[in-house]
Amino acid sequence: MYVYIVHSIGTQITLSSIPHFPSSSFMALYGDDNGRGELRIHDSIDELSTDLADYIAELSDASVKERGVFTIALSGGSLIGLMGRLCEAHYKKTVDWGKWHIFWADERVVAKNHAESNYKLAKDGLLSKVPIIPNHIHSINDSASAEQAAEDYEFVIRQLVRTRVISVSEINDCPKFDLIILGMGPDGHVASLFPNHSALNGNDGWVTFITDSPKPPPERITFTMPVLNSASNVAVVVTGIGKSEAVHLAIDNVGPNCLLLPARMVRPSNGKLVWFLDKPAASELDNFSQFSQS
Ligand SMILES: O=C1O[C@H](COP(=O)(O)O)[C@@H](O)[C@H](O)[C@H]1O
């Protein structure tokens with residue numbers, strides 16, 4: 001019945017335990033002092049999914065109390081399946097779904113009913129199963145070119161910033177989403193910001209586009225890095241051994257060559273970063289053996 005919390009303060013590790021989770025649970029938290037955020041490492045996908053659902057529900061409550069709305073930007077890929085617990089009766093009853101506004105941190109420029117659409121994935125796996133107001137679902141214009149779709153999406157976001165549905169960053173003029181929730185590819189990409197791609201340097205606009213994604217489909221739109229880093233909360237959700245090397249490069253103190261890994265560049269300037277990992281994904285972290293002593 002314990003969750004183990006590991007605080008990393010420089011190289012000094014302190015371990016404490018508090019009653020909270022079922023006995024098989026395991027969670028490790030890095031202090032935010034290294035700028036790499038909080039780490040939540042779970043024994044199983046099942047536990048990770050429950051923790052993720054609780055985390056989202058808590059942020060939703062806090063935002064609705066404070067601002068009357070909850071603005072959440074989703075990604076695609078394995079993430080949506082990991083958010084599936086939110087469709088369960090407990091969350092259906094307790095979450096204030098009518099106050100949610102849904103966005104996409106990245107989207108593939110394909111028709112909304114296409115198997116590769118991040119909208120379709122979220123719609124089938126989550127949005128059609130909870131009482132979200134249809135016009136609070138802000139999906140891209142799927143009949144435009146990638147360039148036009150990015151421009152249109154930025155326009156939609158600008159209108160919602162103007163009407164204060166979406167907050168504004170205190171540091172720059174970027175939108176400040178209550179939560180941006182990201183997956184990560186084995187190459188360290190987040191949203192549709194890929195390593196060594198020029199879109200990574202897109203620091204002016206809020207939404208940019210690519211037509212040569214290394215991962216199909218090639219045409220995508222994506223939030224820029226400044227928008228990711230302006231959010232109040234960013235969660236990065238990663239599972240599986242195939243991503244363990246990228247997790248290590250994104251989080252540990254590695255050489256300067258990795259500084260431009262997209263996942264490593266996610267450092268909210270005035271917000272909180274949380275990594276949700278299963279043990280296989282965390283297994284190459286420098287301190288993993290200390291985490292797994294439990
Ligand atoms: O193409 C994409 O890939 C990433 C990672 O996907 P995963 O299936 O490996 O979890 C995803 O976060 C992004 O939104 C998506 O467009």
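Remember, it's 1-based here, ligands and their atoms both numbered in the order they're listed.
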Next on the checklist: Is there a ring-ring contact (aromatic ring centres under 6.0 Å, His included) between Trp104 and Tyr119? Walk through the geometry before answering.
Outcome noted: CA-CA 8 Å; Trp104 276 267; Tyr119 164 85; 5.7 Å; yes

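Shortest contact from atom 11 (C) of ligand 1 to any protein heavy atom: Gly76 O, 3.8 Å. If you check which protein heavy atom lies closest to atom 9 (O) of ligand 1, you get Lys243 NZ, 2.7 Å. When hydrogens are left out, the protein atom nearest atom 4 (C) of ligand 1 is His189 NE2, 3.3 Å; that is the closest non-hydrogen contact.
At least one N/O-N/O distance between Lys215 and ligand 1 falls below 3.5 Å. The shortest N/O to N/O separation between Gly185 and ligand 1 does not fall below 3.5 Å.
Ring geometry for Phe276 against His42 counts as parallel: the plane angle stays under 30°, on a 0 to 90° scale with 60° as the upper cut. Between Phe103 and His138, the two ring planes are parallel [angle under 30°; tilted spans 30° to 60°].
A salt bridge does not link Arg85 with Asp54: none of the charged nitrogens is closer than 4.0 Å to a carboxylate oxygen. Salt bridge Glu38/Lys272: present, at least one basic N to carboxylate O contact under 4.0 Å.
Within the structure, the closest approach of Arg108 to ligand 1 falls below 4.0 Å when heavy atoms are considered. Distances shorter than 4.0 angstrom occur between a heavy atom of Asp106 and an atom of ligand 1.
Formation of a donor-acceptor pair under 3.5 Å by the Asn229 side chain with backbone atoms of Met265 is found in this model.
If you check each of Pro216, Gly183, Ser78, Ser213 against atom 10 (O) of ligand 1, the one with the closest non-hydrogen atom is Ser78.
Heavy-atom proximity to Ser75, at under 4.0 Å, picks out these atoms of ligand 1: 12 (O), 14 (O). Taking a cut-off of under 4.0 Å to the non-hydrogen atoms of Arg220, the atoms of ligand 1 that pass are 1 (O), 2 (C), 16 (O). The atoms of ligand 1 that sit less than 4.0 Å from any heavy atom of Asn118 are 14 (O), 16 (O).
For the 3.5 Å distance criterion, the side chains of Ser143 and Asn141 qualify, holding a donor opposite an acceptor.
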